[in-house]
Amino acid sequence: MIEDTELETYLYISPNKFGIYIYDIKKSICLLKEEYNFENLTQNIEIQYLSEFLEKNIFKIEKLIGKFIKNIFLVIESKKITNFHLGINKKNYDVVFNKKYIENLLTEAKDLFKENYHNQKIIHFLVNNYLINGLNHSSFVENLHGNNISLEVQFICIPNNLVLTLDKILEKFQIKIIKYMDGIYIKTFFNESNLGFEEMVHKIKSGYNENEIILIPKKNKNIGFFEKFFQLFG
């Protein structure tokens with residue numbers, strides 16, 4: 001019997017395709033998938049079609065796997081997803097740039113973004129470059145000494161009103177969306193890889209990109225503060 005913790009459910013939506021995938025984490029295989037491709041000249045996500053797609057497939061999949069789908073990871077491609085870029089500059093004398101120092105800078109950036117973009121939900125928070133004492137670093141290097149640091153960060157966001165709409169649709173099936181992800185970002189990150197879609201999604205949601213900051217809900221106090229990289233409270 002397959003345990004609930006061994007399965008993840010991914011829902012993919014775009015203007016031209018919907019898909020549901022049941023992924024076995026332990027075996028790293030896709031157990032089931034249902035996809036629907038269609039022509040859409042507007043390039044907007046058709047909410048009515050999405051509801052019909054879920055109505056047709058959710059209960060069928062639950063019957064096949066013998067379990068109710070309670071949680072789902074939603075991967076979305078939409079022109080409503082926005083990328084925001086922000087530069088952070090700090091000058092200090094002989095500072096040790098450790099994880100705690102970088103964490104504080106990233107927290108400031110996140111808080112500043114949220115203050116100015118109340119209508120956006122952050123779905124990915126990335127550090128694209130570290131410039132320390134004039135030298136570029138593509139990833140974080142622990143305990144460097146220096147007098148100045150610049151970070152180039154990127155926020156990938158989805159409008160709150162679209163989140164509310166999608167949440168309500170899934171609630172009709174007693175399913176909770178536990179994470180939103182950007183399909184374009186995922187495909188771009190694994191651009192030269194032969195990985196299947198489901199494995200790419202699993203890797204990204206599990207922190208495979210060491211330059212992605214994992215945002216943790218504030219109510220979740222029991223997990224460790226660091227995983228592969230920084231985890232900041234959302």
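In this chain, residues are counted from 1 in sequence order.
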Is the count of non-hydrogen atoms from other residues, nucleotides or ligands lying under 6.0 Å from K90 atom NZ greater than 12?
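Open: at most 12 neighbouring heavy atoms sit under 6.0 Å from NZ of K90.
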Checking N160 side chain against H118 main chain: does a donor-acceptor pair fall under 3.5 Å?
yes
Looking at Y180 and V163, would you say the former's side chain and the latter's main chain have a donor-acceptor pair under 3.5 Å?
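Side chain of Y180 to backbone of V163: a pair is present.
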Is there a path of hydrophobic side-chain contacts, each under 4.5 Å between heavy atoms, that joins L164 and I158?
no
Quick check on the 6.0 Å ring-centre criterion: do Y10 and F197 meet it?
no
So F155 and F125, would you call those rings parallel, tilted or perpendicular, with 30° and 60° as cut-offs?
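Geometry flag for F125 against F155: parallel rings.
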Test salt bridge (Lys or Arg N to Asp or Glu O under 4.0 Å) on K168 and E171; report intermediate values, then the result.
CA-CA 5 Å; K168 286 184 177 180; E171 284 174 4; over 6 Å; no
Donor on one side chain, acceptor on other, N128 and Q154, under 3.5 Å:
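Checked: N128/Q154 side chains pair up, N/O donor to acceptor below 3.5 Å.
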Full working for side chain to side chain contact (heavy atoms under 4.5 Å, CB included) between F189 and M200:
CA-CA 9 Å; F189 184 81; M200 289 191 291; over 6 Å; no
Exercise: do Y21 and E35 side chains pair donor with acceptor under 3.5 Å
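Present: a donor and an acceptor within the cut-off.
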Can you confirm whether more than 12 heavy atoms, excluding those of K80, are under 6.0 Å from its NZ atom?
no
Taking I61 as the starting point, is it possible to reach L11 by hopping between hydrophobic residues whose side chains are less than 4.5 Å apart?
yes
Does one side chain, of K203 or N209, offer a donor that lies under 3.5 Å from an acceptor on the other?
no
Are side-chain N/O atoms of Y36 and E52 paired as donor and acceptor at under 3.5 Å?
no
Fit a plane to each ring of F84 and Y117, take the angle between them on a 0 to 90° scale, and name the class: parallel (under 30°), tilted (30 to 60°) or perpendicular (over 60°).
tilted
Between N40 (side chain) and I45 (backbone), is there a donor-acceptor pair under 3.5 Å?
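No; zero donor-acceptor contacts below 3.5 Å.
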Ignoring hydrogens and geometry, is there a side-chain-to-backbone donor-acceptor pair from E62 to I69 under 3.5 Å?
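Yes, the answer is positive, given that a donor and an acceptor are paired below the 3.5 Å cut-off.
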Answer yes or no: does atom NZ of K205 have more than 12 heavy-atom neighbours from other residues, nucleotides or ligands under 6.0 Å?
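For K205, atom NZ is crowded (more than 12 foreign heavy atoms under 6.0 Å).
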Path from Y12 to I177 over hydrophobic side-chain contacts below 4.5 Å
yes
Main-chain N/O of Y185 paired with H124 side-chain donor or acceptor, under 3.5 Å:
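Not confirmed, H124 side chain does not pair with Y185 backbone.
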Give a yes or no on whether the ring-centroid distance for Y49 and F18 is below 6.0 angstrom.
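For Y49 and F18, the ring centres are not under 6.0 Å apart.
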Output yes when a side-chain donor or acceptor of N147 lies under 3.5 Å from a complementary backbone atom of N133, and no otherwise.
no
